[in-house]
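For reference, the structure discussed in these notes is given below.
Keep in mind that this is a model prediction, so the values were computed, not measured. Chain naming here is simple, since letters A, B, ... match the order of the sequence lines and numbering starts at 1 in each.
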Amino acid sequence: MNERQYENQKILLIDGHSILNRAFYGIPDLTNAEGLHTNAIYGFLNILFKVLEEEKPEYLTVAFDVHAPTFRHEMFEDYKGTRKPMAEELRQQVPVMKEVLQAMGIRIVEQAGLEADDLIGTLSKRGEKEGMNVVVLSGDRDLLQLATEKVKIRIPKTKQGRTEVEDYLAADVKEKYQVTPQEFIDVKALMGDSSDNIPGVPSIGEKTATKIIVEYGSIENAYSHVEELKPPRAAKALKEHYDMAQMSKALATINVDADFPYEFSEGKIGNLYTQEAYEYFQRLQFKNLLGRFDVESPANQIEDQFREITKEEEAEAVFEKAAGAPCVGIAFEKDTENVLPLFKDQAGLSGIGVAFGEDQIYNIRTSDTMTETYLLEKVTSLTESRAVISMFDVKAAMKQIQIRKPENTFDVHVAAYLLNPLKSAYETDDIAHEYLDLNIDEKLPAEKKTCYEAYTMFRAEKVLREKLREYEMEALFDEIEMPLVFTLSDMEKAGVRIAADQLKMYGSELGDKIEELEKEIYDLAQETFNINSPKQLGVVLFEHLELPHGKKTKTGYSTAADILEKLAPDYPIVSKILEYRQLAKLKSTYADGLANFISDDGRIHGTFNQTVTATGRISSTEPNLQNIPIRMELGRLIRKVFIPEEGYVFVDADYSQIELRILAHCSGDEALIHAYQEAQDIHRITASQVFHTPFEEVTDLQRRNAKAVNFGIVYGISSFGLSQDLSITRKEAGEYIDRYFETYPGVKAYLDGEVAFGKENGYVKTMFGRRRPIPELSSSNFMQRSFGERVAMNSPIQGAAADIMKIAMIRVGRALRSRGLKSRIVIQVHDELLIETKKEEVEIVKQILKEEMEHAADLRVPLIADMSQGSSWYEAK
DNA sequence: AATATCACG
DNA sequence: ACGTACGTGATATTT
């Protein structure tokens, strides 16, 4: 045996609980399908992999305290008070973390009676003796006392969301804290550490402690010169509490000579990416960590059933057989081979996946004889059969194929969204894993993936429908979401016409004004800089010009509009900047931005997304047509370029306060219902009742306040939020809320009920059964939980409004079609519909809109849709 | 890829 | 003591 076998080898020692703890508080809550919280484990692994890559150690060991968290020294009960028990969400992750590490073949040390600190301290000392380079990873600065020239302490810090690691060799400790690692113990002993139950010496804090130890090197030496100690306060304290100081030092000192069984060879890093670890990572759903594994996942048996079809006769036979099946899964395989990434939208097809049984899974290839057009036609005619066609994104598919029987179509994407609307993306692989227990290797060739996708669609139809039924969302799916797919498809195909040259003119006018403002700002600032950079702007305003600064963000000074607005009256440069910002936004996002989306037909065909929002609303992208300016006149002008085609006008219909009306209905509050049955101006009525003022005498201020309260209620009221909105104190805001609830006690009961329901069930739902899970409600973090409570109050209302609008859209679309009208829906903005209306059809369209919107749901209060028309969107609002 | 800002309901 | 209103998406800048 080589005596010096560990010489110059590197070992990484990890303080397990400390890193888990860091990760837990630094990473937003994650849970896997089993409901197990996973964020701390995920964060731990990310830090681990990062440090392994940076350090490339040969050895690795993770130390844990035996009882989590152990109190450093149980005998000093008095000082335990400040440490809180570990959050349940973290506690449950600890054993799993250990299992994961074991699965990766990583050595874990834990020993009753010894803290992780002591284990690490001892191992680092032993390692150093062996001639090893030691790296200690911990979130805890206590370990800095272990630093030497060969022992490096690494402390991860979450800075602005990213983890950065601070490194300390002995010299770095000295540089930063002015004392050696050894002396660091004495500093800590003097100042104390409540989180570690170290009492310290009263009235000595960090500053004094450091000063004393810098001068005297140790507590003992300081005590022997206690009469000379400055300040006198410290001298007195040390004299009186010397025993306390000595005890604290004992507490703060990490044991580097502990006795426990360990051989360095046990920490040798082998293959971390074992099959067992892979299975853990899958179970924990660490998808982006799975890529690190190079394991051959055992090919699923089902792959033996995949058939590639290249002959037309065989393809015909497959389609014929498929037409007789109860359900057919379809997948499109894009030919991305010969296409630049930029044009991947235009990529042709290389094949189509068709699956309608466990042994009926095909990939039909395109070729010279079987063209893309041919295959798409075959799929289109398949949609005439009695088979249910199951696909991933029906609206996208409808750009290629027609669907003859919408009622026989199943959109897996939409179904998966309803079952869990919180996911940021829905992918075939995930769905297969989550609902079918089928693990698809990501690195398969395209042909196999296509077969898998078709097969997944085939099987998911049944499973997801069953789940929808179980969750009581089948009607929502069949009667709202699936029909809406076709309504949205029509809207996207129709697009909206844009007056391109007018848009260009608007843009260049903005450009001129921006240039002017830019000059004026540089003039006032006496320097040039990038006004668009909040960082540079902050420096110019608050350092160079020394304006009073408000909030500081993590990165610097906030230059957000609400801060600048307070300064604007006193500083002309600030109002110029605000104006500049406004114009820059209009030009970049709207004038230039929209121009980029105008198609050859002179129209913008945006995308309306049905599977994005947590509440059930639709979202709009490429471009976003739901945030076109309206509040400021200058921005509102952009709506003049949204025009109908010749012979048409715009009819615009919007719901009047739909969310508050839903609140009235759902809460059943008689006073609120009565208010809506009576009057037009709900904010004035609210003001009158809340402030006990006759309706006619309500002041503008009272009405404004009441309006803010009404909004606040819908958002999930908090006195803080309301106080911000109204620029009043929290106390005043709280009083408004109290008075509101006194006036409408039913509303209070309803909102409380929603929160209680959410806590009980983990989700809330709309009157149409749409669910929104709220994992935050069970968080131990006050802020997260409060957020969950607001969500529980808001989602059923916002979601029901979305449901009602969807119903209206479907019915309006059907009514237009069934009457053979040319008019079409072109844009939806949550509570508003824009209809490009043939001039002769204006009256009937208005009638349809009013009828379908106002009767989309039967509430205890009237639903009101206001209508107007014009020759541009600007005029029609 | 993340952050700050700002447009809408 | 904590530190927020609910729901989105696009842009420019910076890492």
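Across the P atoms, dA5(C) and dA4(B) are found 13 Å apart, a figure rounded to whole Å. If you take atom C1' in dA1(C) and the same atom in dC6(B), they sit 32 Å apart, rounded to whole Å. dC2(C) sits 23 Å from dT5(B) when the P atoms are compared, rounded to a whole Å.
Between the C1' atom of dG9(C) and the OH atom of Tyr590(A) lies a distance of 8 Å, rounded to the nearest Å. Nucleotide dG9(B) holds its P atom 13 Å from the CD atom of Gln798(A), rounded to whole Å. Put simply, CH2 on Trp873(A) is 16 Å from P on dA7(B), counting in whole angstrom units. The separation between Ile662(A) atom CD1 and dG9(B) atom P is 17 Å, rounded to whole Å. Whole-Å rounding puts the Leu541(A) CG to dT5(B) P distance at 12 Å. Glu789(A) has its CD atom 14 Å from the C1' atom of dC2(C), to the nearest Å. Rounded to whole Å, the distance from CG on Leu578(A) to C1' on dA7(B) is 15 Å.
Neither side chain, Tyr417(A) nor Glu481(A), offers a donor N or O lying under 3.5 Å from an acceptor on the other. For the residue pair Arg661(A) / Ser656(A), a side-chain donor-acceptor distance below 3.5 Å is found, with atom types taken as modelled.
The line from CZ of Phe542(A) to CG of Leu567(A) is 5.5 Å long, rounded to the nearest 0.5 Å.
Not a single donor-acceptor contact under 3.5 angstrom links the side-chain atoms of Arg581(A) to the base of dT5(B). One N or O donor and one acceptor, one from the side chain of Arg631(A) and one from the base of dG9(B), sit under 3.5 Å apart.
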Exercise. Based on Watson-Crick and G-U pairs with both distances under 3.5 Å, what dot-bracket line describes DNA chain C 5' to 3', crossing pairs as [ ] and inter-strand pairs as |?
Worked result: .....|||||||||.
For this session: Could you walk me through whether Glu776(A) and Ser779(A) pass the side chain to side chain donor-acceptor pair (under 3.5 Å) test, one step at a time?
Result: CA-CA 5 Å; Glu776(A) 294 89 347; Ser779(A) 170; over 6 Å; no
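Checked against a 6.0 Å centroid threshold, the rings of Tyr736(A) and Tyr740(A) do not count as neighbours.
Checking dG9(B), dT4(C), dA5(C) against the side-chain heavy atoms of Asp831(A) singles out dG9(B) as nearest. Comparing atom distances between the Lys585(A) side chain and each of dC6(B), dA4(B), dC2(C) picks out dC6(B) as nearest. Among the nucleotides dT13(C), dG9(B), dT5(B), the one closest to the side chain of Asn532(A) is dT13(C). For Ser619(A), counting side-chain heavy atoms from C-beta on, the closest listed nucleotide (dT4(C), dT8(C), dG7(C)) is dT8(C). Counting only heavy atoms from C-beta on, Met783(A) has its side chain closest to dT4(C) among dG7(C), dT4(C), dC6(B). With dC6(B), dC6(C), dG7(C) as the candidates, the nucleotide lying closest to the side chain of Tyr715(A) is dC6(C).
A donor-acceptor contact shorter than 3.5 Å links the side chain of Ser872(A) to the backbone of Glu875(A). Using a distance-only test at 3.5 Å, with no hydrogens or angles considered, no donor-acceptor pair links the side chain of Arg771(A) to the main chain of Leu418(A). A donor-acceptor pair is defined here as one N or O able to donate and one able to accept, closer than 3.5 Å; such a pair exists between the side chain of Arg22(A) and the backbone of Pro156(A). Here the side chain of Tyr522(A) pairs a donor or acceptor atom with the backbone of Phe529(A) at under 3.5 angstrom. The main-chain N or O of Phe608(A) is found under 3.5 Å from a side-chain atom of Lys395(A) such that the two form a donor-acceptor pair. Remark: the backbone N or O of Val826(A) is not paired with any side-chain donor or acceptor of Glu836(A) at under 3.5 angstrom.
Phosphate proximity of dC6(B) to Thr589(A): absent, as no side-chain N or O sits under 4.0 Å from OP1 or OP2. Contact check, Arg617(A) against dG7(C): no side-chain N or O comes under 4.0 Å of OP1 or OP2. Distances shorter than 4.0 Å separate some side-chain N or O of Arg772(A) from OP1 or OP2 on dG7(C). Phosphate contact (OP1/OP2 of dT5(B), side-chain N/O of Thr559(A), threshold under 4.0 Å): present. Taking 4.0 angstrom as the limit, Gln536(A) places a side-chain polar atom (N or O) nearer than this to OP1 or OP2 of dT14(C).
For the segment residues 620-629 of chain A, the set of residues with a heavy atom within less than 4.0 Å of an atom of DNA chain B comprises Gln626(A), Asn627(A), Ile628(A), Pro629(A), in numerical order.
Mapped onto DNA chain C by nearest heavy atom, Asn530(A) and Pro421(A) fall at different nucleotides, with Pro421(A) at the one closer to the 5' end.
Within 4.0 Å of Gly712(A), counting heavy atoms only, lies at least one base atom of the nucleic acid.
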